Enquirer: 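Mind having a look at this structure? Questions to follow.
Side chains included, hydrogens not; waters and symmetry mates left out as well; all remaining heavy atoms used. Small disclaimer: the values here were computed from a predicted structure and weren't measured.
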Amino acid sequence: VPVKYGKEVLSLTLPATATIGDLRLQIAERTYIPPLAQKLCGVKGPDTMALSDAGAGRVMVIGTPAQDLSLLSKTINMSAEERIQRVVWGVKYGVNRPLK
């Protein structure tokens with residue numbers, strides 16, 4: 001999947017069964033932008049949705065790399081369910097919960 005990030009185009013290899021969440025994790029590993037801080041253009045749907053169903057053709061990521069790499073590792077090591085709960089909580093209250 002080609003992902004545009006700034007002036008770069010990242011070439012990410014994902015399995016056919018990959019989800020939007022899997023894409024976010026690979027982007028985080030390459031750009032240091034935590035998954036919850038990424039805005040993905042060209043992909044619509046929850047993190048549990050398969051990329052094939054999300055219409056992921058051209059993807060562009062917008063976000064600021066984490067200053068603290070421990071924040072990035074905490075985000076990457078969260079379960080998919082925990083990431084979804086954080087996103088739902090953030091949407092409900094207009095903020096993200098701090099990582100523990």
Side-chain angles (χ1 to χ4, degrees):
V1 176
V3 176
K4 186 169 181 355
Y5 172 58
K7 294 181 179 182
E8 293 181 64
V9 176
L10 309 173
S11 182
L12 304 178
T13 304
L14 295 160
T17 58
T19 63
I20 294 173
D22 297 331
L23 175 64
R24 286 184 187 278
L25 290 176
Q26 282 222 4
I27 291 171
E29 290 172 2
R30 296 278 299 272
T31 65
Y32 302 108
I33 302 171
L36 295 174
Q38 297 171 9
K39 172 154 175 75
L40 298 180
C41 303
V43 177
K44 294 186 186 252
D47 282 359
T48 55
M49 179 180 281
L51 282 175
S52 58
D53 296 336
R58 290 179 150 175
V59 178
M60 182 171 74
V61 63
I62 300 170
T64 303
Q67 297 294 329
D68 179 0
L69 293 181
S70 66
L71 172 67
L72 177 64
S73 64
K74 285 180 184 177
T75 305
I76 288 175
N77 292 327
M78 282 183 194
S79 68
E81 183 176 315
E82 189 175 359
R83 285 194 308 272
I84 291 167
Q85 288 173 351
R86 283 181 46 84
V87 170
V88 169
W89 192 91
V91 169
K92 183 175 180 180
Y93 296 102
V95 294
N96 281 330
R97 288 187 299 179
L99 293 173
K100 297 175 186 167

Enquirer: Who passes side-chain hydrogen bond (donor to acceptor under 3.5 Å, both in side chains) against Thr31, sequence neighbours left out?
Expert: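 So Thr31 forms no side-chain hydrogen bond (donor to acceptor under 3.5 Å, both in side chains) with any residue.
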Enquirer: To the nearest 0.5 Å, how far apart are CD in Glu29 and CG in Leu10?
Expert: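 Output value for this atom pair is 12.0 Å.
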Enquirer: Any side-chain to backbone donor/acceptor pair from Gln38 onto Ile33? Under 3.5 Å, distance only.
Expert: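 Indeed, once roles are kept as given, a pair shorter than 3.5 Å links the two residues.
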Enquirer: If you group Ile, Leu, Val, Met, Phe, Trp and Tyr by side-chain heavy-atom gaps below 4.5 Å, do Leu14 and Met60 land in one group?
Expert: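 No.
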Enquirer: How close do Val3 and Leu23 get, counting heavy atoms only, and between which atoms?
Expert: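 Here Val3 and Leu23 meet closest at CG2-CD1, 4.1 Å.
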Enquirer: Decide yes or no for Leu25 and Pro35: does some side-chain heavy atom of the first lie under 4.5 Å from some side-chain heavy atom of the second?
Expert: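 SC-SC contact between Leu25 and Pro35 confirmed.
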Enquirer: Specify the closest pair of heavy atoms between Gln26 and Thr13, including all atoms of both residues, with the distance to one decimal.
Expert: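 Minimum heavy-atom separation between Gln26 and Thr13: NE2-O, 3.2 Å.
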Enquirer: Atom CG of Asp22 and atom CG of Leu51: how far apart are they, to the nearest 0.5 Å?
Expert: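 Here the interatomic distance stands at 7.5 Å.
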Enquirer: Establish whether Met49 and Leu40 are linked, either directly or via other cluster members, by ILVMFWY side-chain heavy-atom contacts under 4.5 Å.
Expert: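 Yes, it is one cluster - the side chains of Met49 and Leu40 are joined through contacts under 4.5 Å.
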Enquirer: Spell out, as yes or no, whether a donor-acceptor pair under 3.5 Å connects the side chain of Lys4 to the backbone of Gly6.
Expert: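 The answer is yes, because a donor-acceptor pair under 3.5 Å joins these two groups.
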Enquirer: Other than Val9, what residues sit in its cluster of Ile, Leu, Val, Met, Phe, Trp and Tyr side chains whose heavy atoms are under 4.5 Å apart, directly or through others?
Expert: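 For Val9, no cluster forms, as it stays isolated from other hydrophobic side chains.
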Enquirer: Determine the minimum heavy-atom distance between Arg30 and Ser11, stating which atoms define it.
Expert: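 Of all heavy-atom pairs spanning Arg30 and Ser11, the closest is NH1-O, 3.5 Å.
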Enquirer: Between Cys41 and Ile62, is the side-chain contact (heavy atoms from CB on, under 4.5 Å) condition met? List the steps.
Expert: CA-CA 8 Å; Cys41 303; Ile62 300 170; 4.0 Å; yes
Enquirer: To check you understand the geometry: which heavy-atom pair defines the closest contact between Pro65 and Tyr5, and what is its length?
Expert: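 Here Pro65 and Tyr5 meet closest at CG-OH, 3.6 Å.
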